[in-house]
Amino acid sequence: MSKTYLDVMKRRSKIILDSLQFDYSRYEDKDGIGFDYEQMMKDTGFTLEDVKRIQLENRVGNTPLVELRNLTKYARKFAEKGYGARIFLKDEADNLSGSFKARRAAISVYQAKKLGYKGVIAATSGNYGAAVAAMAARLGLRCIIVQECYDSNQIGQPEIIEKARACEAYGAEVVRLTVGPELFYQFLLLLEETGYFNASLYSPYGIQGIETLGEEIATEVLKKYNKYPEVVVCTNAGGGNLTGTARGLINAGAKDTKIIAASVDLTGLHMASDTDFNRKSFTTGHTGFGIPFTTFPDRSDVPRSAGRPLRYLDKYLTINQGSVFFITEALARLEGMERGPAGNVSLAIAFKLSQKMKEDELIVVQESEYTGAGKHMNAQLDFAKKRGIKLLFGNPMTEIPGENIIFPASAKEIDYKEIPLDQLRKSYLRHYKNQKLTDKDIQYLALELKTDFKTVEKLREEEDESTSR
Amino acid sequence: MYKKHDYVEIELCVLTKDERAAQVPKDTKEVPLMLRTKGFLLEDGRINEEVSIMTATKRIVKGTLVEGNPFYKHTFGGFVYETQQIRSIIEAEAGNLDE
């Protein structure tokens with residue numbers, strides 16, 4: 001069989017079907033643009049109870065929800081009287097392999113074992129690799145993790161190198177690549193060569209695994225405080241974390257809880273650029289993944305991503321790198337919790353959000369991650385400094401990603417930027433520009449964008465006008 | 001010189017500059033897509049020689065030997081003065097030390 005880039009990409013549907021045994025074509029609307037998302041999510045064959053059982057058997061889930069009293073007190077110093085919501089952290093670092101990604105891996109790898117696969121493959125430079133590798137070790141499966149790790153000078157991102165080490169600790173083979181989206185091509189080649197299961201982050205299994213996280217938050221907060229949290233902040237990259245958490249919250253009854261997407265702002269850095277690769281100090285949880293995956297979820301490694309954040313989110317907020325590092329230090333110094341910086345994107349945003357909410361309201365930051373050599377703020381900052389990125393104190397809102405990192409001179413300066421939801425919706429709709437859509441299509445888009453029929457039509461008109469000008 | 005059964009890292013080219021995908025930005029297109037993986041040598045070999053290895057998943061992969069006995073060199077980085085400055089700001093502002 002030909003192994004050229006174009007020929008392998010042409011075989012992608014067949015390779016994905018063989019490696020997941022999940023037939024996405026069943027859900028497609030035969031004469032429209034939509035698909036039956038809810039039916040696809042139901043067809044995993046796992047109930048919430050199954051998911052919980054599998055996770056608990058494997059040291060995943062039931063993580064502590066910790067009230068950050070000192071950090072809340074710190075936030076209240078900058079809030080008006082009566083303001084400063086209580087901040088809670090779901091300490092997901094407590095999972096097998098040190099992050100919430102264990103929830104996703106638990107179900108994917110379990111399914112691989114159930115279907116009789118000998119091994120699993122995942123394309124990820126993040127914590128998901130270690131999560132899949134650890135679960136594969138437990139279930140006696142072989143594991144390959146495909147990482148984008150180096151630039152063309154073979155200089156690796158410290159954070160990603162540490163993640164490779166963790167994967168290898170659990171017995172995985174780590175295939176490390178230089179920068180480029182053709183990682184997907186190499187991933188397909190490996191699936192074809194080995195016949196292993198595709199432990200995609202974006203399969204229904206990968207998302208269903210996180211629903212327990214939302215469910216645990218809703219249940220525990222209701223039991224202790226007799227209400228659901230007003231706000232849950234989710235670090236957003238590929239969209240699965242937010243989607244699964246929101247679904248879990250809704251299933252458990254927390255229908256009015258506001259879901260906030262949080263990403264660290266890397267505007268201006270190109271994600272597929274060899275030169276920009278090592279100029280970022282966060283390799284996940286950033287706008288470079290967050291925006292494209294939110295506005296076009298089906299760019300992932302499966303035909304239909306189960307992570308669809310625009311169906312659930314109420315606000316999309318971004319924050320600069322310097323503020324996340326600052327809050328990472330505050331979490332260690334004030335709460336005695338040393339956690340990886342990337343997991344603290346949502347915490348930095350919660351710190352400011354708290355100041356705008358009443359003091360009897362509750363904010364839950366829904367994840368944390370382990371820290372260690374490489375994926376530690378000091379390692380990241382030293383790496384940045386050595387690449388000529390300036391470390392400054394001042395107004396964090398003026399940070400230029402890739403040129404400087406601006407720490408707030410006071411925690412008072414920590415602030416976020418909001419990306420208007422309609423702007424994100426319009427970007428999503430751009431994929432259907434100049435396409436004749438039926439009423440059924442518009443109804444599907446209304447669900448996808450968490451809005452109504454009329455708004456979809458209005459946004460489509462505005463989008464057409466703005467681009468024809 | 002590394003012997004058969006030694007643990008090494010190899011490198012190979014996945015896509016040459018000319019084979020790279022159309023959507024790749026210019027700077028990335030100017031360099032090939034390279035791959036590295038580790039495993040046990042199936043034959044003796046020197047640095048920069050073509051060798052075959054068996055990886056952790058028992059795959060046999062051919063490539064250029066780039067490192068023998070590869071191990072982790074990543075660290076917590078060197079001393080960064082700014083992190084101490086951040087700490088000083090937090091200690092001064094949060095003020096929970098001497099209450």
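Since the model is a prediction, treat every value here as computed from it, not as a measurement. Per chain, numbering begins at 1; letters A, B, ... match sequence-line order.
Interatomic distance, A/T178 OG1 to B/L35 CG, rounded to the nearest 0.5 Å: 8.5 Å. To the nearest 0.5 angstrom, B/I89 atom CD1 is 14.0 Å from A/R333 atom CZ. How far OG1 of B/T83 is from CD of A/E329: 6.5 Å, rounded to the nearest 0.5 Å. Distance CG/A/N378 to CZ/B/F79: 8.5 Å, rounded to 0.5 Å. Note: A/R165 CZ to B/K73 NZ = 14.0 Å, rounded to the nearest 0.5 Å. Here the straight-line distance linking atom CD1 of B/I86 with atom CZ of A/F407 works out to 4.0 Å at 0.5 Å rounding.
The minimum heavy-atom distance linking A/D274 with B/D27 is given by the pair N-OD2, 3.3 Å. In plain terms, the two heavy atoms of B/H74 and A/A373 that are nearest each other are CD2-O, 3.3 Å. The two atoms that bring A/Y5 and B/A21 nearest to each other are OH-CB, 3.4 Å, heavy atoms only. Looking at every heavy atom in both residues, B/P25 comes nearest to A/A272 through CG-O, 3.4 Å. When every heavy atom of B/E93 is checked against every heavy atom of A/S410, the shortest pair comes out as OE2-OG, 2.5 Å. Contact detail for A/V179 and B/T28: the closest heavy-atom pair is O-CG2, 3.5 Å.
Proximity to chain B (any heavy atom under 4.5 Å) is restricted, for A/A409, to the backbone atoms N, CA, C and O. The part of B/V31 that comes within reach of chain A is its side chain, from C-beta onward, which places non-hydrogen atoms under 4.5 angstrom from that chain. Proximity to chain B (any heavy atom under 4.5 Å) is shown, for A/C149, by neither the backbone nor the side chain. Looking at B/E30, neither its backbone nor its side chain comes within 4.5 Å of chain A, counting heavy atoms on both sides. Of the two parts of A/V175, the backbone and the side chain both hold a non-hydrogen atom closer than 4.5 Å to a non-hydrogen atom of chain B. For A/Q380, no part lies under 4.5 angstrom from a heavy atom of chain B. Proximity to chain B is absent for every atom of A/F184, based on heavy atoms less than 4.5 angstrom apart. Neither the backbone nor the side chain of A/F277 comes within contact range of chain B, judged by heavy atoms closer than 4.5 Å. For chain A, the nearby part of B/T75 is the backbone; its heavy atoms alone come within less than 4.5 Å. Proximity to chain B (any heavy atom under 4.5 Å) is shown, for A/E162, by both the backbone and the side chain. Proximity to chain A is limited to the side chain of B/Y72, based on heavy atoms less than 4.5 angstrom apart. Proximity to chain B is absent for every atom of A/T4, based on heavy atoms less than 4.5 angstrom apart. Of the two parts of B/E9, only the side chain, counted from C-beta on, holds a non-hydrogen atom closer than 4.5 Å to a non-hydrogen atom of chain A. At a 4.5 Å heavy-atom cutoff, A/Q147 makes no contact with chain B through either its backbone or its side chain. Heavy-atom distances place both the backbone and the side chain of A/T275 under 4.5 Å from chain B. Looking at B/L15, only its side chain comes within 4.5 Å of chain A, counting heavy atoms on both sides. With a 4.5 Å cut-off on non-hydrogen atoms, A/L190 touches chain B through its side chain but not through its backbone.
By the neighbour-count criterion of 12 heavy atoms within 6.0 Å, atom CZ of A/R279 is densely surrounded, having more than that number from other residues, nucleotides or ligands.
Between chain A and the residues B/A56, B/P32, B/G39, the most heavy-atom pairs under 4.5 angstrom are made by B/A56. With chain B as partner, the option from A/K386, A/M377, A/K3, A/R142 having the largest number of non-hydrogen pairs under 4.5 angstrom is A/R142. Interface summary for chain A: among B/Q85, B/E11, B/E19, the most heavy-atom pairs under 4.5 angstrom belong to B/Q85. Counting heavy-atom pairs closer than 4.5 Å to chain A, the top-ranked of the candidates B/V66, B/T57, B/T37 is B/T57.
The list of side-chain hydrogen bond (donor to acceptor under 3.5 Å, both in side chains) pairs with a residue in residues 40-52 of chain B, not counting sequence neighbours, reads B/E50-B/T64.
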Q. Going through the distances and angles, do B/I90 and A/L334 end up as a side chain to side chain contact (heavy atoms under 4.5 Å, CB included)?
A. CA-CA 8 Å; B/I90 293 166; A/L334 301 177; 3.9 Å; yes

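Between A/E168 and B/K38, at least one side-chain N (NZ, or NE/NH1/NH2) sits under 4.0 Å from a carboxylate O, which counts as a salt bridge.
Each of B/R59, B/K58, B/R36 was compared with A/E173 under the salt bridge (Lys or Arg N to Asp or Glu O under 4.0 Å) criterion, and only B/R59 meets it.
For the pair B/M34 and A/R176, the minimum side-chain heavy-atom distance is 4.5 Å or more.
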